[in-house]
**Student:** 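Sharing a structure below in structure tokens format, with a few things to ask.
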Amino acid sequence: MPMLKNARLQKSIFLFIVVAPAFAAYVLFTLYPNALSIYYSFLEWDGIGAKTFVGWDNYIRLFHDPFILRALGHNLILLVTVIPITLIISLVLADLLINRAFAENSFYKVLYFFPNVLSLVVIALVWSFIYDGTFGLLNGILRALGLGGEHNWLGSKGTALLSMIPLYVWCYAGFYVVIFMNAMRGIPKSLYESATLDGITHMQRFSKITLPLLSGVIRVGVIFLMLSVIKGFEYMFIMTQGGPGGATDVISLYMFNFAFGSLNLGQHIYGYASTIGMMIFVLLVGLKLILDKFFAKDSIEY
Amino acid sequence: MRMRTGISSWLWRMVLFLWALTILLPLFWIFYQSLKTNQAFFADIWAFPEHLEWSNYEKAWTSLGIGRSAVNTLYYVGLSLLISLFVSTVNAYAFTRIEWRLRSLLWSVIMLSLFLPGINILVSQYTLMRALNLTDSLNGLVLLASLPVGAFELLLLGSFMRTLPKELDESAFIDGATLFQVFRKIILPLSMPGIVTIGIFKFVGLYNDFLGPFILISDPAKYPISVNMYNANAMMEYKADWVTLLAGLVITIIPTVIVYVLFQRRIIEGATMGGVKG
């Protein structure tokens, strides 16, 4: 059957043209760098000169580096604040949008999501203008309310890191509002109706019915937020460069600065940067596995 | 009783309004500051501009380099979008509607990338691109952003194509159509809704991408708009021409607003459907 043979030939050609280059590019640009970064983590290398194999030296340095712990501490502060605040705010907003019939709700649903499509650089610059010490929006509001308004939010050690928390919450909340709204819509109306007959208040309805039924979605939210907060360093990089005095130096930024930063007098330290990258890799994958175990996977049945 | 619910209802309404204000106020504030002179901006950050300084926008477009970087962005985003949509679509077709030997193996290898955080390969990806002579080149950026097949796109488009009935291809083959014809005349048009969704996502991602271009491009003449704005902001330490920077910021936001207004329902639906883009 020449037809069949022809069809098989067509298939082979199609697959070869379509799958082969894209898959090869995926292996080269995504998988191979992952392997390469393991190799780099055992090197002393400035990116230009000779590569020197130094065994576990970089890993030993990692454990004696006080700035690693400091950076991880900053990550921890962000994690324990940003995750609960984001989830609570978006749960409340989602509940209000779903269960209260205000005329403006449909507009809010669209507006709240908007920060998610804004570019990272735009968000960083907008918030730099909010926090600026002399002509910032926040100080302007505080002055108008008679509450001071002379503080340099990003320039002071005490407030620089804390100032990043509202930014993160502002960025992420809209996404979870939509996620939670979709999940809330999936809850059968009959559950609410029987509860309303029993004279339950809005508040009780939220805490006794809605919240437990959303535990599965909330778990996923915790994991996503955790990954985003640990990986994200661009806001600090753009807004504070990790300063003042390392007050906003988070772990990914610390790694990035070794490789591409201008803080080391233009010197690039690819080996150690890759070692820190390996640590972040292990940390992220490890945390994800632990969280998967820690939170009961069995979602509640209606 | 009635009174009480009335008051609490207004309180909750205020909560929703305040959150909306946190988004609208900074954006609106930046817009009207961008129409002031620097002196007026420094004098009072609340006062509305007495005279609208549209010349700030001209200055941002030329002396801040927004115009040049907008052209670079158009090239980088446009070309990447075209190539990556082509790659995603044909691969989704190959992986979901054609039977071949290594299919499930390659599929799982691609899905592996969903578990890789990516943050650890910034250095190695850069040295690889440098070794291939692809740094400081917009084509290099395009290649990196579009040719490697993406797990996220494959999952989304694949699940879309699986819903199309198998008989469509089979009857066309019996009528003597070639594989290429079936793909172009049948599968492609029917998959359009899915392709558009992916396209919008890709656009937002490419337009907003900062780290990739920042690492790979060092020649200011080749900066896309995001890196250009970063650089303009860093230079303000010496220039202190804030209103021009604000005008540049507004220009940068405009394409995002347009795309969002046009496609907001698709974007919101797609984001939560995919969800997993971590």
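Bear in mind that the values here come from a model prediction, so they are computed numbers and not experimental data. Chain identifiers are assigned alphabetically (A, B, ...) following the order of the sequence lines, protein sequences preceding nucleic acid strands; residue numbering begins at 1 within each chain. Heavy atoms only: backbone and side chains are in, while hydrogens, waters and symmetry mates are out.
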**Student:** Which region of B:Leu122, side chain (C-beta onward) or backbone (N, CA, C, O), has a non-hydrogen atom less than 4.5 Å from a non-hydrogen atom of chain A, or is it both or neither?
**Tutor:** both
**Student:** With a 4.5 angstrom heavy-atom cut-off, is it the side chain or the backbone of B:Leu144 that approaches chain A, or both, or neither?
**Tutor:** side chain
**Student:** I need the minimum non-hydrogen distance between A:Leu253 and A:Met236, along with the two atoms involved.
**Tutor:**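 Reported closest heavy-atom pair: CD2-CB, 3.9 Å.
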**Student:** Sort out for me which of A:Val126, A:Asn105, A:Leu120 touches chain B most, counting heavy-atom pairs under 4.5 Å.
**Tutor:** A:Val126
**Student:** Under a 4.5 Å heavy-atom cut-off, does chain B meet the side chain of A:Tyr112, its backbone, both or neither?
**Tutor:** both
**Student:** Checking A:Leu284 against chain B: side chain, backbone, both or neither under 4.5 Å from a heavy atom?
**Tutor:** side chain
**Student:** Which region of A:Tyr32, side chain (C-beta onward) or backbone (N, CA, C, O), has a non-hydrogen atom less than 4.5 Å from a non-hydrogen atom of chain B, or is it both or neither?
**Tutor:**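 For A:Tyr32, the contact with chain B is made by the side chain alone.
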**Student:** Under a 4.5 Å heavy-atom cut-off, does chain A meet the side chain of B:Tyr126, its backbone, both or neither?
**Tutor:**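 For B:Tyr126, the side chain is the part near chain A, not the backbone.
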**Student:** Using non-hydrogen atoms only, which part of A:Ile141 is less than 4.5 Å away from chain B: side chain, backbone, both, or neither?
**Tutor:**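 Both parts, backbone and side chain.
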**Student:** Can you tell which of B:Asn208, B:Leu141, B:Leu206 makes a side chain to side chain contact (heavy atoms under 4.5 Å, CB included) with B:Val77?
**Tutor:**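 Single pass found, and it is B:Leu206.
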**Student:** Are B:Trp100 and B:Phe95 near enough that their ring centres are under 6.0 Å apart?
**Tutor:**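 Yes, the ring centres sit under 6.0 Å apart.
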**Student:** Any sub-3.5 Å donor-acceptor pair from A:Asp46's side-chain atoms to A:Tyr270's backbone N or O?
**Tutor:** no
**Student:** With a 4.5 angstrom heavy-atom cut-off, which part of B:Gln125 approaches chain A: side chain, backbone, both or neither?
**Tutor:** both
**Student:** What side-chain donor-acceptor pairs closer than 3.5 Å can you find for residues 223-232 of chain B, not counting sequence neighbours?
**Tutor:**
| from | atom 1 | to | atom 2 | distance (Å) |
| --- | --- | --- | --- | --- |
| B:Ser226 | OG | B:Asp209 | O | 2.8 |
| B:Asn228 | ND2 | B:Leu64 | O | 3.1 |
| B:Tyr230 | OH | A:Gln241 | NE2 | 3.4 |

**Student:** Pick one of side chain, backbone, both or neither for B:Ile98, based on which atoms fall under 4.5 Å of a heavy atom in chain A.
**Tutor:** side chain
**Student:** If you count heavy-atom pairs within less than 4.5 Å of chain B, which of A:Ile130, A:Leu36, A:Leu28, A:Val19 leads?
**Tutor:** A:Val19
**Student:** Checking heavy atoms, do the side chain of A:Val169, its backbone, both or neither come under 4.5 Å from chain B?
**Tutor:** both
**Student:** Measure B:Leu211 against the heavy atoms of chain A and call it side chain, backbone, both or neither at under 4.5 Å.
**Tutor:**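 Side chain of B:Leu211 only, per the 4.5 Å heavy-atom cut-off to chain A.
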**Student:** Can you tell me which portion of B:Val90 sits under 4.5 Å from chain A's heavy atoms? Options are side chain, backbone, both or neither.
**Tutor:**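 Both backbone and side chain of B:Val90 come within 4.5 Å of chain A.
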**Student:** Side chain from CB out, backbone as N, CA, C, O: work out which of these in A:Ile280 comes under 4.5 Å of a heavy atom of chain B, or both, or neither.
**Tutor:**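 The side chain, not the backbone.
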**Student:** Less than 4.5 Å to any heavy atom of chain B: does that hold for the side chain of A:Met255, its backbone, both, or neither?
**Tutor:** side chain
**Student:** Less than 4.0 angstrom from a charged side-chain N to a carboxylate O is my criterion; do B:Arg13 and A:Glu104 meet it?
**Tutor:**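 Salt bridge present between B:Arg13 and A:Glu104.
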**Student:** For B:Ile45, is it the side chain, the backbone, both or neither that has a heavy atom under 4.5 Å from a heavy atom of chain A?
**Tutor:**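 The side chain, not the backbone.
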**Student:** Tell me, for B:Leu147 versus chain A, whether the close heavy atoms (under 4.5 Å) come from the side chain, the backbone, both or neither.
**Tutor:**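 Backbone plus side chain of B:Leu147, per the 4.5 Å heavy-atom cut-off to chain A.
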**Student:** Please look at B:Trp12 and chain A and tell me whether the side chain, the backbone, both or neither of the residue comes under 4.5 angstrom of a heavy atom of that chain.
**Tutor:**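 Answer is both: backbone and side chain atoms of B:Trp12 are under 4.5 Å from chain A.
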**Student:** Which residues pass the ring-ring contact (aromatic ring centres under 6.0 Å, His included) test with B:Phe263, sequence neighbours left out?
**Tutor:**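 Partners of B:Phe263 under the ring-ring contact (aromatic ring centres under 6.0 Å, His included) test: none.
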**Student:** Could you look at B:Ile110 and say if it's the side chain, the backbone, both or neither that has a heavy atom under 4.5 Å from chain A?
**Tutor:**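 Both parts, backbone and side chain.
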**Student:** Measure B:Asn91 against the heavy atoms of chain A and call it side chain, backbone, both or neither at under 4.5 Å.
**Tutor:** both
**Student:** Measuring heavy-atom distances to chain B, does A:Phe29 have an atom under 4.5 Å in its side chain, in its backbone, in both, or in neither?
**Tutor:** both
**Student:** Quick check on A:Val92 against chain B: is it the side chain, the backbone, both or neither that has a heavy atom closer than 4.5 Å?
**Tutor:**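 The side chain, not the backbone.
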**Student:** Under a plain distance cut-off of 3.5 Å, with no hydrogens placed, do A:Asn139 and A:Asp132 share a side-chain donor-acceptor pair?
**Tutor:** no
**Student:** Name the region of A:Phe260, side chain, backbone, both or neither, that has any atom closer than 4.5 Å to a heavy atom of chain B.
**Tutor:**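 The side chain, not the backbone.
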